[in-house]
Asks: 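Got a structure here, written out as structure tokens. Questions coming.
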Amino acid sequence: MPELLEVEAYRRAAAGVVGREVAAAHTPDAWFLKGGLTATAVLDVLGGARIVAAERWGKLLLLPLDRGPVLGLRFGMTGRLVVDGRAPIERLEYGPAQDRPEWVRFGLRFVDGGVLELVDPRRLGGVELDPSLDALGPEASTVTVTELRRALGRSGAPLKAVLLDQARVAGLGNLLVDETLWRAGLDPTRPAGGLSAEEQRRLARTVRATVRELGRRGGSHTGDLQDRRRRGGDCPRCGEPLVRGVVGGRTTYHCGACQR
DNA sequence: ATTGTGGCCTGCCCGC
DNA sequence: TGCGGGCAGGCCACAA
């Protein structure tokens with residue numbers, strides 16, 4: 001996904017539909033409806049309802065309705081939001097360049113004529129009513145050292161796997177985590193529970209700073225590591241060849257010299 | 001309970 | 001040009 005930064009851009013775009021009344025729902029793909037949701041239920045709940053806010057927790061976009069229920073949108077790896085024909089993010093780093101009508105998996109048309117669409121070629125995203133927030137950890141962009149210490153706990157899992165786990169910290173994805181750990185000088189394979197107090201502080205600070213800076217630059221793909229995140233890439237800091245591996249089930253690049 | 005693996009689904013890019 | 005393999009910013013069900 002769309003990691004936290006991209007979903008935040010979607011949230012800002014979705015703020016444009018706050019106060020508007022839903023006239024019709026477009027649900028061409030039953031598989032995209034999650035948690036037992038059906039096309040009929042979508043119409044029942046959303047028809048005539050008004051969206052009262054646009055919120056985000058981690059990578060989950062939340063659109064509360066005046067009738068009470070909350071519409072939850074997830075974007076998978078290739079999901080994009082288009083509001084009134086305008087896309088806050090034109091093209092995702094690893095997504096297709098084009099924009100085919102059949103990739104629209106969910107849509108809302110408003111009484112004023114506007115439209116909100118979720119476009120997702122790979123269909124890894126989804127739409128859910130009243131998504132549970134119990135399983136989401138503290139928001140990464142504002143995570144404190146206390147929250148982070150709790151998230152890391154005494155876990156023996158690799159540091160990177162814990163940071164990717166939305167139940168421990170919400171919002172970070174593969175690119176933000178690689179960039180953050182590189183900036184913090186921490187080896188992604190280290191046991192998460194083994195960080196010193198100083199390293200925990202440094203990590204919490206680096207998570208927040210990385211999210212903020214890449215947000216200003218325009219997205220999760222704007223990190224200093226990004227253009228070296230390929231086979232044969234070198235560390236931007238020391239020039240050593242980056243190590244490519246799999247950590248937490250995801251392709252991982254890190255510098256064996258700078259990250260300890 | 002925690003951790004790791006495989007699978008989901010589709011499109012693109014590279015090498016043959 | 002065509003085809004197969006590998007890869008992709010996420011997440012969930014399952015097994016050990």
Side-chain angles (χ1 to χ4, degrees), chain A residues 1-10 28-36 56-61 72-81 88-105 118-128 131-137 140 150-181 188-194 210-211 214-215 217-223 225-227 229-233 244-253:
Chain A
M1 164 170 347
E3 306 187 30
L4 161 174
L5 291 171
E6 286 70 36
V7 181
E8 176 60 18
Y10 297 161
D29 186 357
W31 193 86
F32 210 70
L33 303 176
K34 308 296 181 184
R56 177 188 61 77
W57 191 345
K59 307 176 192 174
L60 178 61
L61 181 63
L73 304 182
R74 299 178 193 278
F75 297 89
M77 290 215 248
T78 52
R80 293 163 52 239
L81 195 72
I89 296 176
E90 281 299 329
R91 182 189 189 292
L92 288 164
E93 188 70 7
Y94 297 102
Q98 17 172 356
D99 210 357
R100 299 217 286 257
E102 63 265 33
W103 292 342
V104 176
R105 311 297 179 186
L118 207 172
V119 183
D120 182 5
R122 271 177 77 183
R123 303 168 78 212
L124 290 170
V127 175
E128 192 178 353
S132 166
L133 304 179
D134 302 346
L136 285 181
R150 191 175 305 130
L152 300 175
R154 297 163 190 263
S155 171
L159 181 54
K160 173 167 176 175
V162 169
L163 294 177
L164 284 173
D165 183 351
Q166 303 299 299
R168 311 243 205 185
V169 181
L172 301 178
N174 203 29
L175 297 185
L176 279 175
V177 167
D178 272 9
E179 175 76 14
T180 297
L181 291 177
T189 64
R190 273 180 59 181
T210 303
V211 169
L214 271 52
R217 292 184 191 175
S220 308
H221 62 290
T222 61
L225 200 58
Q226 183 62 23
D227 64 340
R229 252 183 121 273
R230 51 176 171 80
R231 286 186 172 83
R244 180 184 193 273
V246 176
V247 183
R250 314 299 301 281
T251 300
T252 299
Y253 288 86

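Computed over heavy atoms, backbone and side chain alike; hydrogens, waters and symmetry mates excluded. All values reported here derive from a predicted model rather than from experimental measurement. Residue numbering restarts at 1 for every chain, and letters A, B, ... go by the order of the sequence lines.
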Asks: Could you tell me whether a side-chain N or O of Arg168(A) sits under 3.5 Å from a main-chain N or O of Leu152(A), the two making a donor and an acceptor?
Replies: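 Side chain of Arg168(A) to backbone of Leu152(A), a donor-acceptor pair under 3.5 Å: no, none is there.
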Asks: Output the rounded distance in Å from OH (Tyr253(A)) to P (dA8(C)).
Replies: 7 Å
Asks: For Gly248(A), answer base if it contacts any base atom (sugar-phosphate contacts may also be present), sugar-phosphate if it contacts only those atoms, and nothing otherwise; contact means non-hydrogen atoms under 4.0 Å.
Replies: nothing
Asks: Indicate, with a heavy-atom threshold strictly under 4.0 Å, whether Pro158(A) touches base, sugar-phosphate, or nothing.
Replies: sugar-phosphate
Asks: Does dC11(C) have its OP1 or OP2 closer than 4.0 Å to a side-chain nitrogen or oxygen of Lys34(A)?
Replies: no
Asks: Expressed in angstrom and rounded to an integer, what is the separation of Arg190(A) atom CZ from dT3(B) atom C1'?
Replies: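 Spelled out: CZ on Arg190(A) to C1' on dT3(B) is 19 Å.
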Asks: What nucleotide among dC9(B), dC7(C), dC12(C) has an atom nearest to a side-chain atom of Arg74(A)?
Replies: dC12(C)
Asks: Quick one: does any side-chain atom of Arg250(A) pair with a main-chain N or O of Asn174(A) as donor and acceptor, under 3.5 Å?
Replies: no
Asks: What's the closest nucleotide to the Asn174(A) side chain, out of dA8(C), dG10(C), dT2(B)?
Replies: dG10(C)
Asks: Could you check how far CZ of Arg154(A) sits from C1' of dA1(B), rounded to whole Å?
Replies: 15 Å
Asks: If the cut-off is 4.0 Å, is Arg168(A) near the phosphate of dA1(B), judged by side-chain N/O to OP1 or OP2?
Replies: no
Asks: Counting only side-chain heavy atoms from C-beta out, which of dC11(C), dC8(B), dA8(C) sits nearest to Trp31(A)?
Replies: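 Nearest listed nucleotide: dC8(B).
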Asks: I want to verify a distance call: between dA8(C), dG10(C), dC8(B), whose nearest atom is closest to the Thr251(A) side chain?
Replies: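 When the side chain of Thr251(A) is considered, dA8(C) is the closest of dA8(C), dG10(C), dC8(B).
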Asks: Taking donor-acceptor contacts at under 3.5 Å, does the side chain of Arg123(A) reach the base of dC9(B)?
Replies: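 Answer is no: no donor-acceptor pair is held.
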Asks: Treating Glu3(A) as the side-chain partner and Leu176(A) as the backbone partner, does any N or O pair qualify as donor plus acceptor under 3.5 Å?
Replies: yes
Asks: With a 4.0 Å cut-off on heavy atoms, is Arg80(A) in touch with a base, just the backbone sugar-phosphate, or nothing at all?
Replies: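 Result for Arg80(A) = nothing.
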Asks: For nucleotides 12-16 of chain B, give me every protein contact, N/O to N/O, under 3.5 Å, one pair per line with atom names.
Replies:
| from | atom 1 | to | atom 2 | distance (Å) |
| --- | --- | --- | --- | --- |
| dC12(B) | OP1 | Gln98(A) | NE2 | 3.1 |

Asks: Is Thr78(A) close enough to dA8(C) that one of its side-chain N or O atoms is under 4.0 Å from OP1 or OP2 there?
Replies: no
Asks: I want to check one thing: is the phosphate of dC7(C), taken as OP1 and OP2, less than 4.0 Å away from some side-chain N or O of Arg231(A)?
Replies: yes
Asks: For the side chain of Gln166(A) and the backbone of Gly171(A), is there at least one donor-acceptor N/O pair under 3.5 Å apart?
Replies: yes
